[in-house]
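Working notes for the structure below.
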Amino acid sequence: MSERESNVHRSPSEEDLRAFASALADRLQAGDVLTLRGELGAGKTTFVRGLAEGLGIDPNDVSSPTFTLVQEYTPVEGGTGLVHIDAYRLDPDSDLESIGWEELADGTRIVAIEWPDRLPPGSIARAIEVMIQHAPINGRVVSVKGLDAQHSVAHGPQACRACGKLIPQDAPSFPFCGERCRRVDLSAWFDGRYSISRELKDADLETTD
């Protein structure tokens with residue numbers, strides 16, 4: 001496998017968020033597992049609707065599986081299927097076989113998991129990580145991490161995490177377009193508009209020279 005890459009996208013609306021997810025679906029392969037992180041209302045289910053649309057599944061059929069835990073969708077004309085899991089109500093100590101995990105993750109479909117931190121540790125060996133956050137100014141910022149060369153990731157300009165202006169990845173201020181947006185983003189952390197969806201580990205605090 002080649003080095004895994006990250007991609008940042010600025011979505012000014014739910015429609016754009018869905019369109020971005022639909023475009024991402026074109027790069028996915030059967031067997032891919034996506035973990036979707038973001039606070040309540042961030043747009044995780046909207047993102048899954050976009051994935052469904054990109055896979056040839058009616059997005060209007062997609063609903064949050066908060067109570068059923070799992071929803072399965074089969075595309076028209078034999079395309080790649082989609083499994084949507086909402087693990088919010090899943091007991092972390094439970095056996096994943098209670099939801100038929102082995103069959104769901106059999107490599108024939110794409111699996112999207114909301115609230116993946118509720119899964120038992122070590123459940124997912126490899127995943128594409130999607131983080132959806134509310135932007136300080138408006139809209140949302142979507143970070144996709146874990147794609148590799150086989151997914152044909154674009155290397156073009158990326159969106160500033162604060163204002164959405166496109167900037168080259170080698171810009172000195174990347175992932176921001178300038179000092180103002182860097183400060184806007186920092187202020188959002190101080191104001192509590194961002195949150196970390198999992199417990200910090202020692203490795204998260206390590207720095208390199």
Can you sort out the partners of [X] under side chain to side chain contact (heavy atoms under 4.5 Å, CB included), two or more places apart, ordered by chain and number?
X      : answer
Arg182 : Ser173, Phe176, Glu179
Thr46  : Glu14, Leu17, Arg18, Arg49
Thr108 : Asp106

May I have all residue pairs that pass ring-ring contact (aromatic ring centres under 6.0 Å, His included) and include part of residues 25-54, sequence neighbours excluded?
-> none
Evaluate the criterion side-chain contact (heavy atoms from CB on, under 4.5 Å) for residue pair His134 and Glu39; output intermediate values, then yes/no.
-> CA-CA 9 Å; His134 291 288; Glu39 62 188 14; 2.8 Å; yes
State which residue, out of Leu36, Thr35, Leu28, Val33, fulfils the side-chain contact (heavy atoms from CB on, under 4.5 Å) condition with Ile128.
->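 Going through Leu36, Thr35, Leu28, Val33 one by one, the side-chain contact (heavy atoms from CB on, under 4.5 Å) with Ile128 is satisfied by Leu28 alone.
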Using every non-hydrogen atom in the two residues, find where [X] and [Y] come nearest and quote the distance to one decimal.
X     : Y      : result
Gln71 : Ser63  : NE2-OG, 3.6 Å
Glu53 : Ser22  : C-OG, 4.0 Å
Gly43 : Ile132 : O-CD1, 3.8 Å

Rounded to the nearest 0.5 Å, what separation is found between the [atom1] atom of [X] and the [atom2] atom of [Y]?
X     : Y     : atom1 : atom2 : value
Gln29 : Asp32 : CD    : CG    : 5.5 Å
Glu72 : Ile85 : CD    : CD1   : 9.0 Å
Asp16 : Arg10 : CG    : CZ    : 9.0 Å
Thr80 : Leu55 : OG1   : CG    : 6.5 Å

side-chain hydrogen bond (donor to acceptor under 3.5 Å, both in side chains) against [X], all qualifying residues, sequence neighbours excluded:
X      : answer
Thr45  : Glu114
Asn60  : Asp58
Glu103 : none

Evaluate the side-chain contact (heavy atoms from CB on, under 4.5 Å) criterion for residues Leu82 and Val48: first the C-alpha distance (whole Å), next the side-chain angles of each, then the deciding distance (0.1 Å), finally the verdict.
-> CA-CA 9 Å; Leu82 175 65; Val48 175; 4.0 Å; yes
Donor-acceptor under 3.5 Å (Arg37 side chain, Pro116 main chain) = no
Verify, without hydrogens or angle tests, whether Arg140 (side chain) and Ser11 (backbone) share a donor-acceptor contact under 3.5 angstrom.
->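 Side chain of Arg140 to backbone of Ser11: no pair is present.
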Phe20: ring pair (Phe, Tyr, Trp, His ring centres under 6.0 Å) partners, not counting sequence neighbours |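 Checked Phe20 against ring pair (Phe, Tyr, Trp, His ring centres under 6.0 Å); matches are His9.
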Please report the C-alpha distance between Leu40 and Trp115 in whole Å, then the side-chain angles of each, then the deciding distance to 0.1 Å, and finally whether the side-chain contact (heavy atoms from CB on, under 4.5 Å) criterion is met.
-> CA-CA 10 Å; Leu40 287 170; Trp115 305 102; 3.6 Å; yes
Are any of the side-chain nitrogens in Lys44 or Asp86 under 4.0 Å away from the carboxylate oxygens of its partner?
-> no
